[in-house]
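Working notes for the structure below.
These numbers come from the heavy atoms of this one structure, side chains and all, not from hydrogens, waters or symmetry mates. FYI, the numbering just counts along the sequence from 1.
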Amino acid sequence: MPIDATISTPLPAGAQPRSVVALLHDHEAYIRATCPQLVSYRRLSGPAAVGARAPVGEPRAFQVTDRRPAGQTTYKLTVTNRPEGVDALVEGRAPTGGMVIKTRWRVKNDGGGGGGGGGDDVGGYVLEEEVEIDSNMITKKMVKGNIEKGHPEYHRSFMAQAAKGKELAL
């Protein structure tokens with residue numbers, strides 16, 4: 001599938017790349033940050049211990065219930081830790097049809113000296129999210145618009161938490 005959207009956010013001062021990756025690997029933090037209207041979630045696979053981290057490459061599945069403009073929706077979310085971030089897979093339904101959303105969240109060095117953030121960025125590092133959407137044309141257009149509108153704020157939330165040192169030991 002081709003990439004439907006890419007969101008790239010420079011890491012600000014105080015947000016170390018390692019801290020952002022550690023937060024992405026904390027699946028509960030990931031769910032809370034990417035589901036601002038979260039109603040509930042439950043783990044479908046993996047250890048139930050609070051704070052238990054999945055090894056790199058081992059997927060963890062969750063059932064997530066979220067509020068959306070069209071009402072409450074429940075979907076399956078699978079998160080897989082990668083060395084530089086996470087892969088996430090959403091399998092759900094919208095009023096306009098079924099959908100599968102694949103995202104790749106990576107902390108990368110873009111080679112720049114500051115990412116254009118006015119000198120507050122960390123040496124060219126960015127949090128980059130690539131999004132693939134598999135659905136009918138109407139659903140895809142709606143989902144893509146929501147992602148492009150909302151996900152930059154999710155990135156900023158991760159950066160703020162990382163800058164505050166809210167990471168677990170790697």
Q: With rounding to the nearest 0.5 Å, note down the distance linking OG1 in Thr139 to NZ in Lys144.
A: 14.5 Å

Q | Lys/Arg-Asp/Glu bridge criterion (N-O < 4.0 Å) met for Glu130, Arg104 | A | yes

**Q.** Non-hydrogen atoms of Ile7 and Pro152 that approach each other most closely
**A.** CG2-CG, 4.0 Å

**Q.** Distance (rounded to the nearest 0.5 Å) between Leu77 CG and Arg60 CZ
**A.** 13.0 Å

Q. CG/Leu127 to CZ/Arg156 distance, rounded to the nearest 0.5 angstrom?
A. 11.5 Å

Q) Between His155 and Phe158, is the gap from one ring center to the other below 6.0 Å? A) no

Q. Got a salt bridge between Lys141 and Asp4, using NZ or NE/NH1/NH2 to carboxylate O under 4.0 Å?
A. no

Q.
Measuring from atom CD1 of Ile31 to atom CZ of Arg42, what distance do you get when rounded to the nearest 0.5 angstrom?
A. 12.0 Å

Q: Can you see which heavy atom on Pro83 is nearest to which on Val56, and at what distance?
A: CD-CG1, 3.6 Å

Q) Hey, any chance Ile101 and Leu38 share a hydrophobic cluster, counting ILVMFWY side chains that come within less than 4.5 Å of each other, even indirectly? A) yes

Q | Arg43/Glu28 salt bridge by N-O under 4.0 Å criterion | A | yes

Q. Is the backbone N or O of Thr80 less than 3.5 Å from a side-chain atom of His25, with the two atoms forming a donor-acceptor pair by type?
A. no

Q: Could you walk me through whether Thr103 and Thr34 pass the side chain to side chain contact (heavy atoms under 4.5 Å, CB included) test, one step at a time?
A: CA-CA 12 Å; Thr103 61; Thr34 60; over 6 Å; no

Q: Rounded to the nearest 0.5 Å, what's the gap from CG on Asp26 to CZ on Arg53? Could you check?
A: 5.0 Å

Q | Validation row: Asn81, His27 side chains within 4.5 angstrom (heavy atoms) | A | yes

(Q) Can you give me the closest heavy-atom contact between Asp66 and Cys35, atom names plus distance? (A) OD2-CB, 3.9 Å

**Q.** Side-chain heavy-atom pair Leu44, Phe62 within 4.5 angstrom cut-off
**A.** no

Q: Look only at the side chain of Ser40 and the backbone of Thr65, and say whether a donor-acceptor pair between them is shorter than 3.5 Å.
A: no

Q: Compare all side-chain heavy atoms of Arg93 with those of Thr73 and state whether any distance is below 4.5 angstrom.
A: no

Q: Work out which heavy atom in Glu84 is nearest to a heavy atom in Val21; give both atom names and the distance.
A: O-CG2, 3.6 Å

Q: Could you tell me whether the side chain of Val143 reaches within less than 4.5 Å of the side chain of Ser135, counting heavy atoms only?
A: no

Q: Would you please test Val90 and Met99 for side chain to side chain contact (heavy atoms under 4.5 Å, CB included) and show each step?
A: CA-CA 8 Å; Val90 173; Met99 66 181 152; 5.5 Å; no

Q: Determine whether Val39 and Arg67 make a side-chain contact, defined as any pair of heavy atoms from C-beta on separated by less than 4.5 Å.
A: yes

Q | Between OG1 on residue Thr74 and CD on residue Gln63, distance to nearest 0.5 Å | A | 5.5 Å

Q: Provide the closest heavy-atom pair for Gly97 versus Asn136 in the form atom of the first, atom of the second, distance.
A: CA-ND2, 4.0 Å

Q.
Tell me the closest heavy-atom pair linking Gly57 and Arg82, and the distance in Å.
A. CA-NH1, 3.6 Å

Q: On the 0 to 90° scale, with breaks at 30° and 60°, tag the Trp105-Tyr30 ring pair as parallel, tilted or perpendicular.
A: perpendicular

Q) Does Asp87 reach the side chain of Lys102, with side-chain heavy atoms less than 4.5 Å apart? A) no

